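Beneath this line is the structure, given in structure tokens, with notes to follow.
Predicted model only: the values in this text are computed from it and were never measured.
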Amino acid sequence: MAFGLHISETVAAELAAMDEPTSELLLMEMIDLAAAPLERGTQLERDGPVSRRMLGLGTNLILFQADEDTKIVTILDVVWLTSS
């Protein structure tokens with residue numbers, strides 16, 4: 001069963017500040033997470049039905065949590081490197 005997806009305003013602002021290819025890559029990965037979030041990334045912490053996870057994509061990271069009770073994936077943060 002697919003999960004719903006919640007991207008916070010803070011993460012949306014981060015995506016808007018990125019170059020277009022990076023933003024598109026991360027956004028597509030976030031959307032794909034909703035299909036099977038517990039099978040993606042590395043679990044960092046678990047608190048009952050909530051799994052906090054990290055998904056690495058090259059030099060970029062997506063930090064998210066998947067709640068098995070509510071069937072919601074929440075994108076907590078993105079980490080990306082800018083080219084200088």
Is there a continuous path of hydrophobic side-chain contacts, each under 4.5 Å between heavy atoms, that joins [X] to [Y]?
X: I75; Y: M54; result: no
X: L33; Y: L61; result: no
X: V79; Y: M30; result: no
X: V50; Y: L44; result: no

Give, for atom NE2 of H6 and atom OG1 of T74, the distance between the pair rounded to the nearest 0.5 Å. 6.5 Å

Interatomic spacing from CH2 in W80 to CG in D19 - rounded to 0.5 Å: 7.0 Å

Got a donor-acceptor contact below 3.5 angstrom from the S23 side chain to the L15 backbone? yes

Would you check if the side chain of R53 reaches a backbone N or O of R40 as a donor-acceptor pair within less than 3.5 Å? yes

Side chains of [X] and [Y]: closer than 4.5 Å at any heavy-atom pair?
X: E14; Y: L26; result: no
X: D47; Y: R52; result: yes
X: I62; Y: V11; result: no

Could you go through the side-chain contact (heavy atoms from CB on, under 4.5 Å) check for V78 and M18 one step at a time? CA-CA 11 Å; V78 290; M18 296 175 189; 3.6 Å; yes

Looking at [X] and [Y], what are the two nearest heavy atoms and their distance?
X: V73; Y: F64; answer: CG1-CD1, 3.9 Å
X: P37; Y: A34; answer: CD-O, 3.9 Å
X: Q43; Y: R46; answer: NE2-CB, 3.6 Å
X: I7; Y: A12; answer: CG2-N, 4.1 Å

